[in-house]
Amino acid sequence: MSRLFAPTLREVPAEAEVISHQYLLRAGYIRKTAAGIYSYLPLGWRVLRKIEQIVREEMDRAGGQEVFLPALQPAEIWQESGRWDVYGKELFRLKDRHERDFCLGPTHEEIITDLVRREISSYRDLPKRLYQIQTKARDEIRPRLGLIRCREFIMKDLYSFDRDQAGLEESYQAMYRAYERIFRRLGLRFKVVEADTGAIGGKDSHEFMVLADTGEGVIVYCEACDYAANLERAVTGEVVPDLTEPAKEMQEVPTPGRHSVEEVTAYLGVTAERLVKTLIYRAIYRDREEPVAVLVRGDRDVNETKLKNAVGALFVELADASLVQEVTGAPVGFAGPVGLKNVRILADLEVPRVVNAVVGGNKADVHLINVNYGRDYQAGEVLDLRNAAAGDPCPRCGAPLQLTRGIEVGHIFKLGTKYSEALGATYLGEDGQEHYIIMGSYGIGIPRTMAAAVEQNHDADGIIWPFPIAPYHVIIVPVNYAVPEQQELAESLYRELTAAGVETIIDDRDERAGVKFKDADLMGFPLRITVGPRALKEGKVELRRRADGSVMLLERSEVVAKVKAEIQAGYPKLEDENTGADIGVLG
RNA sequence: CGGGGCGUGGCGCAGCUUGGUAGCGCACAUGGUUUGGGACCAUGGGGUCGUAGGUUCGAAUCCUAUCGCCCCGACCA
């Protein structure tokens with residue numbers, strides 16, 4: 001340890017906001033090189049290698065073969081797939097000395113598909129599952145949260161190549177199971193959620209979320225059944241209509257200067273459920289853009305992913321004030337569906353059920369009350385457009401849904417033929433015909449997994465590593481290394497434990513005990529052996545668990561066996577579940 | 001890119017409003033006293049105040065530009 005390159009910091013660097021970032025910096029695991037670009041110091045690199053190793057074993061077990069593809073990639077194949085233009089600014093682009101275009105790989109669909117199309121020609125060559133563990137580069141709009149969102153990061157990416165849909169299904173499920181095993185083996189609490197497929201393309205998709213309050217992703221799940229989805233995707237169940245109230249006559253009311261839902265409801269003395277919000281969005285398509293009006297209940301939020309999918313746009317954004325004025329004839333805050341013309345109107349499922357609603361009057365400082373769907377206004381389409389909320393009925397079983405947060409550490413996609421068609425990756429089938437290879441892609445962010453592990457496992461003193469990814473299982477701390485008796489005992493224990501296959505580090509620094517204890521806690525080694533006069537008086541040594549702080553006094557002779565038992569107990573046991581019974585989410 | 005904030009020894013900060021030639025704590029080095037939860041005393045090394053211009057007798061401080069970093073939003077492993 002006196003030789004270890006792991007500079008610890010007593011104070012929190014100002015740039016670090018989240019716990020994992022703070023502790024990984026303070027404990028000397030990482031250092032920042034530039035925004036979203038990190039160097040991994042010895043301890044950090046040991047953790048990453050342990051994660052990689054578990055990932056590697058499970059990929060191999062699931063039929064994967066490891067390859068290593070170039071990070072530096074020629075523009076041609078990206079132009080061929082169409083993503084040279086579509087991927088946008090996130091692609092790190094560069095030129096070589098001959099002015100030829102290259103990019104740094106943000107992902108490797110193009111490269112691997114190019115490789116496979118050259119080398120695979122027959123159905124006999126399929127299926128194949130190829131993966132690598134490699135550095136990716138993405139010029140993120142905003143790198144943040146330390147290792148959670150980086151511009152350069154290590155990713156395990158596997159690509160599956162199958163003959164047909166059934167083959168893809170098999171590959172997908174194999175990966176699904178492998179991912180579950182990986183995150184269990186890592187000792188992390190996680191949830192698998194249905195996900196929207198996003199920019200990479202394709203159809204089905206699941207995300208593996210490590211549960212942590214600091215997570216960027218919101219998870220909607222049901223405790224009664226196994227439904228779980230991320231917020232973008234989560235379907236809101238039908239709500240029982242409440243139409244007992246008789247419809248009253250529609251009326252204009254002045255609402256001077258009241259734009260927001262809070263202001264209007266407070267002014268009119270109604271609840272937000274009584275209000276129907278009208279939001280004007282700008283839907284952007286490949287060749288054009290158009291405004292759309294979206295109606296949701298006053299207490300709900302529009303789900304932009306659902307909206308984007310509903311209108312089939314590349315993306316959607318809230319309209320600015322001038323567009324709102326143009327569409328509604330009123331300033332922002334007074335848009336309403338009554339008499340709204342020349343714009344596509346979409347309403348959330350709940351909206352028609354709001355009886356005697358409050359809506360904007362499409363005039364400055366005017367709202368309408370007692371507005372009723374069907375009689376006073378109509379939407380072109382009525383569909384699920386809002387974010388799910390806690391307490392909503394589960395779309396599967398109707399039980400109330402719950403929300404929690406998580407960090408997305410793994411993502412699996414069914415790509416289908418998106419890339420094989422673009423790049424012409426075909427094989428000759430048994431039927432003598434050419435077919436497109438059916439693909440899937442499966443990623444795990446390695447440094448992000450490390451950060452997620454810290455987010456989930458820490459206390460006020462520092463990191464508490466799960467055994468499988470701790471840089472060392474045990475740290476031996478002699479209270480005073482200068483005392484020969486302590487030094488001898490510490491060193492002999494170190495030799496014995498190391499010989500017994502226990503990953504051990506010894507704090508031989510000339511520091512006071514308190515400093516060594518603080519650093520050991522900060523760095524998060526799951527076990528600590530303290531060699532000091534207190535226990536030595538009785539001829540014993542202390543074994544302390546980092547997680548709960550409990551201390552065991554052990555005879556010198558039983559140390560190795562006890563440590564091994566603790567480690568054994570610290571590794572999650574995987575019941576060998578190959579039945580697939582637990583993956584009902586796949587339906 | 002839009003909005004907000006910050007750049008002063010390795011880390012955390014003060015000084016800037018009201019210009020006068022840089023300071024505190026931690027860390028580091030040496031010596032001593034200490035030694036079971038981030039010790040104490042003494043001494044010492046280290047900063048062209050992000051960079052470039054400008055104003056001024058004089059700029060960390062005022063002005064302009066520029067670069068970098070962090071936070072909030074659209075993206076994603």
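Below, read A as the first sequence line, B as the second, and so on, with proteins coming before strands; counting in each chain starts at 1. Because only heavy atoms are used, hydrogens play no part in the values below, and waters and symmetry mates are left out as well, while side chains stay in.
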Might you list the N or O atoms of the protein lying below 3.5 Å from N or O atoms in nucleotides 27-31 of chain B, with each pair's distance?
| unit_1 | atom_1 | unit_2 | atom_2 | d |
| --- | --- | --- | --- | --- |
| B:A27 | OP1 | A:Arg10 | NH1 | 3.3 |
| B:A27 | OP1 | A:Arg10 | NH2 | 3.2 |

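In the interface, the side chain of A:Asp461 is not paired with the base of B:G37 through any donor and acceptor atom under 3.5 Å apart. Not a single donor-acceptor contact under 3.5 angstrom links the side-chain atoms of A:Arg149 to the base of B:G73.
Comparing B:A77, B:C1, B:G37 by their nearest atom to the side chain of A:Met155 picks out B:A77. For A:Arg142, the side-chain atoms get nearest to B:G73 when compared with the rest of B:G38, B:G37, B:G73. Of the listed nucleotides (B:C13, B:C71, B:G37), B:C71 has the atom at the smallest distance from the side chain of A:Arg144. Distances from the side chain of A:Val515 to the nucleotides B:C11, B:A39, B:A77 place B:A39 closest. Distances from the side chain of A:Glu15 to the nucleotides B:C75, B:A77, B:C70 place B:C70 closest. Nearest nucleotide to the A:Asp519 side chain, out of B:U35, B:G38, B:C11: B:G38. For A:Glu140, the side-chain atoms get nearest to B:A77 when compared with the rest of B:G37, B:A77, B:C69. When distances are taken from the side chain of A:Arg138 to each of B:C76, B:C75, B:G37, the shortest belongs to B:C76.
Atom NZ of A:Lys516 is separated from atom P of B:A39 by 12 Å (rounded to the nearest Å). For A:Glu11 and B:G38, the CD to C1' distance is 11 Å, given to the nearest whole Å. The distance from atom CD of A:Glu109 to atom C1' of B:C76 is 13 Å, rounded to the nearest whole Å. Put simply, CG on A:Leu145 is 6 Å from P on B:C72, counting in whole angstrom units. Taking atom NE2 of A:His108 as the reference point, atom C1' of B:C76 lies 17 Å away to the nearest angstrom.
Using the Watson-Crick or G-U wobble rule with both distances under 3.5 Å, B:G47 pairs with nothing in any strand shown. Pairing of B:A39, defined by two Watson-Crick or G-U wobble distances under 3.5 Å, is identified with B:U33.
One finds no salt bridge joining A:Arg528 and A:Glu542 here, because no Lys/Arg side-chain nitrogen approaches an Asp/Glu carboxylate oxygen to under 4.0 Å. For the pair A:Lys136 and A:Glu152, the salt-bridge criterion is not met [side-chain N within less than 4.0 Å of a carboxylate O]. Ion pair A:Asp507/A:Lys516 not flagged as a salt bridge, since none of the NZ, NE, NH1 or NH2 atoms sits closer than 4.0 Å to an Asp/Glu carboxylate oxygen. Salt-bridge annotation for A:Asp459 and A:Arg546: present, with a side-chain N of the basic residue lying under 4.0 Å from a carboxylate O of the acidic one. A salt bridge does not link A:Glu17 with A:Arg144: every distance from a Lys NZ or Arg NE/NH1/NH2 to an Asp or Glu carboxylate oxygen is 4.0 Å or more.
Sorted by residue number, the members of residues 20-41 of chain A with any non-hydrogen atom under 4.0 Å from RNA chain B read A:Arg26, A:Lys32, A:Ala34, A:Ala35.
Taking for each of A:Arg544 and A:Gly445 the nucleotide of RNA chain B with the nearest heavy atom, the 5'-most of the two is the partner of A:Arg544.
Heavy atoms of A:Gly514 sit under 4.0 angstrom from primed sugar atoms or phosphate atoms, though from no base atom.
Side-chain N/O atoms of A:Arg448 include none lying less than 4.0 angstrom from OP1 or OP2 on B:C76. Between A:Arg512 and the phosphate of B:U34, there is no side-chain N or O to OP1/OP2 separation shorter than 4.0 Å.
You cannot call A:Phe517 stacked on the base of B:G38; the centres under 5.5 Å and planes under 30° rule is not satisfied.
When only modelled atom types and interatomic distance are considered, A:Arg233 and A:Ser205 share no side-chain donor-acceptor pair under 3.5 Å.
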